[in-house]
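So that the names make sense, note that chain A is the first sequence line, chain B the second, and so on, each numbered from 1.
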Amino acid sequence: MLEIKDLVVKYGGITALNGISMKVEEGRIITLVGANGAGKSTTLRSITGLVSPVSGSITYDGRELIGLNTKDIVKMGITLVPEGRHVFADMTVDENLMIGAYLRKDKENFRKDIDFVHEMFPILKERSKQLSGTLSGGEQQMLAVGRALMSKPKVLMMDEPSLGLAPLVVKDIFRIIQKVNEEQNMTVLLIEQNANAALKIADYGYVMETGNIGLEGSGEELLSNERVKELYLGKSKE
Amino acid sequence: MAWSDLLQQLCNGLLLGSLFALVAVGYTMVYGILRLINFAHCDIFMMGMYFAFFFVAKDFRLWPLSFIAVIAATAVLGVGLEKVAYSTLRRQNAPKISMLISAIGASYFLENLATVIFTAKPKTFPQIPFFVDMMQIGSVRLQRLAVAVPIITVIFVCILLFLINKTKSGMAMRAISKDLDTAKLMGINVNGTISFTFAIGSAIAAVGAILWGLKYPQISPLVGVMPGLKCFIAAVIGGIGNVKGAVIGGLLLGFIEVMAVAFFPEISAYKDIFSFVLLIIILLFRPNGLIGEKIAEKV
Ligand SMILES: Nc1ncnc2c1ncn2[C@@H]1O[C@H](COP(=O)(O)OP(=O)(O)OP(=O)(O)O)[C@@H](O)[C@H]1O
Ligand SMILES: [Mg+2]
């Protein structure tokens, strides 16, 4: 289980997280919704050690993550699909998938996992020798998700994976999230602008408001919450 | 100019260009991964020459073993430099300018250290007959070095390109140079990979140092400064960050310097300016170097 307690993060003088707490239980899909600048990305970047919090704690199976190197956190099975894709543009699609499996030692299963990713995103198979920088934005997003899956994570964190994708592909991504969650018991921590879709598949959700957790509850609870409806689902009160 | 003279000069150009290439790749590799101009690289090169002076002078016949020892010692020195002068700053997220100043400081430190240990009096590099004997090809009389250096350079450049493009460590190097945070997220050991880059760049500089010493057998603590400057220019001309570019830049610079002196012997005293003139001309037309990519510099 991943647990965050009273996490405070500052960028220079700006407070990005103002003492948030949350729990991500094993095998669940948890979603994080909230307005722009609420601190969602900062939360995930803190978990992976890319930003250093001022105070608070982040534990995974009881082990403190704050202070660890990113590579050691990744080694524990926590992976992040960063906001804005960040595929390695001058590497081929295949190389990007290979680098996703950088830490893995089990060569035998490597082929199987590439096949799994190809099955999920057939376009990546067609384009396997193409330089990733020349893929379309949506294809790059699929590659970023595929690359993360190649590391066989225990906890898969995704920062707005559906950004800039066509509705049909968004549906694909959500289907894949549910599939890996069910079949591989992968824990998923998901940031989404599309709060409606995210809350529908989530077991539990957190609503962030400028550095704080404003609301939390099961997916259904939040979906039917008036305030959430008004602010994040684009539905006004009748 | 007679045909055989021209051939002779072409060989000299290739020889000098290969030497430049071997040192230029070190500048380009460090720049690629840290976005830092490693000013101390030319002093690593100089130390490599002194290592060679001491290791080889013991016994000529053991030169292959000595060379391996020189390469290893220089690589260790390069890694040590990174740990002391750069790594400590990097861990504290020091700004780029601090790193640059540290690089300049490290350069002065090594030059002065060499003066203290080896004195400023020039030493004569051991002349290994296998490399410096003359040989006759048709009407051209050459030092064996003229053939050996390009071959050795090609071998090392091929090994380096293989390393960068086909191995896991090379993949890690490329990933870090493009996108540090994402490379970390892939689980790449950033500090280890940076050390590895310094080791490789310094090892290849050591190869260059040995061959340079055989060709120009006078060594002193400042012997690295002018070659270092030219090799840095070679890296910039080729497109800094790009290994192939550094090799091309080095060869180009070597040829131009040799040819300019051959055709205009009266200006041979000013031969060092050609590199700078070429640098200015190329940067005017291709600001990113001959095969450099456009780098959106984040400062
Ligand atoms: N590197 C940084 N330097 C300074 N301020 C930053 C930095 N990164 C984020 N911030 C600030 O921290 C706050 C939270 O940012 P964060 O990226 O976590 O928001 P977010 O919830 O992911 O927003 P979005 O939905 O737009 O992606 C914002 O006010 C942002 O301006
Ligand atoms: Mg964000």
Open item on the list: Filter on ring pair (Phe, Tyr, Trp, His ring centres under 6.0 Å), then keep only pairs touching residues 79-101 of chain B, sequence neighbours left out; what's left?
Closed with: B/Tyr86-B/Phe198
Task: Pairwise side-chain contact, A/Phe88 with B/Met186, heavy-atom cut-off 4.5 Å (strictly under) - done: yes
Open item on the list: Are more than 12 heavy atoms, taken from residues, nucleotides or ligands other than B/Phe156, located less than 6.0 Å from that residue's CZ atom?
Closed with: no
- [ ] Could you note down all residue pairs passing ring pair (Phe, Tyr, Trp, His ring centres under 6.0 Å) where residues 134-164 of chain A supplies at least one of them, sequence neighbours left out?
- [x] none
TODO: For chain A, find its close neighbours in residues 97-110 of chain B: heavy-atom separation under 4.5 Å, sorted by number, or none.
DONE: none
Under 3.5 Å, what donor-acceptor pairs does chain B form with chain A?
{"unit_1": "B/Lys168", "atom_1": "NZ", "unit_2": "A/Tyr102", "atom_2": "O", "d": "2.5"}
{"unit_1": "B/Arg174", "atom_1": "NH1", "unit_2": "A/Glu95", "atom_2": "OE2", "d": "3.4"}
{"unit_1": "B/Arg174", "atom_1": "NH2", "unit_2": "A/Glu95", "atom_2": "OE2", "d": "3.0"}
{"unit_1": "B/Asp179", "atom_1": "OD2", "unit_2": "A/His86", "atom_2": "ND1", "d": "2.8"}
{"unit_1": "B/Asp181", "atom_1": "OD2", "unit_2": "A/Arg45", "atom_2": "NH2", "d": "2.9"}

Open item on the list: Can you tell me which portion of A/Leu50 sits under 4.5 Å from chain B's heavy atoms? Options are side chain, backbone, both or neither.
Closed with: side chain
Open item on the list: Heavy-atom pairs under 4.5 Å with chain B - which of A/Leu103, A/Val87, A/Leu80, A/Ile99 has more of them than the others?
Closed with: A/Ile99
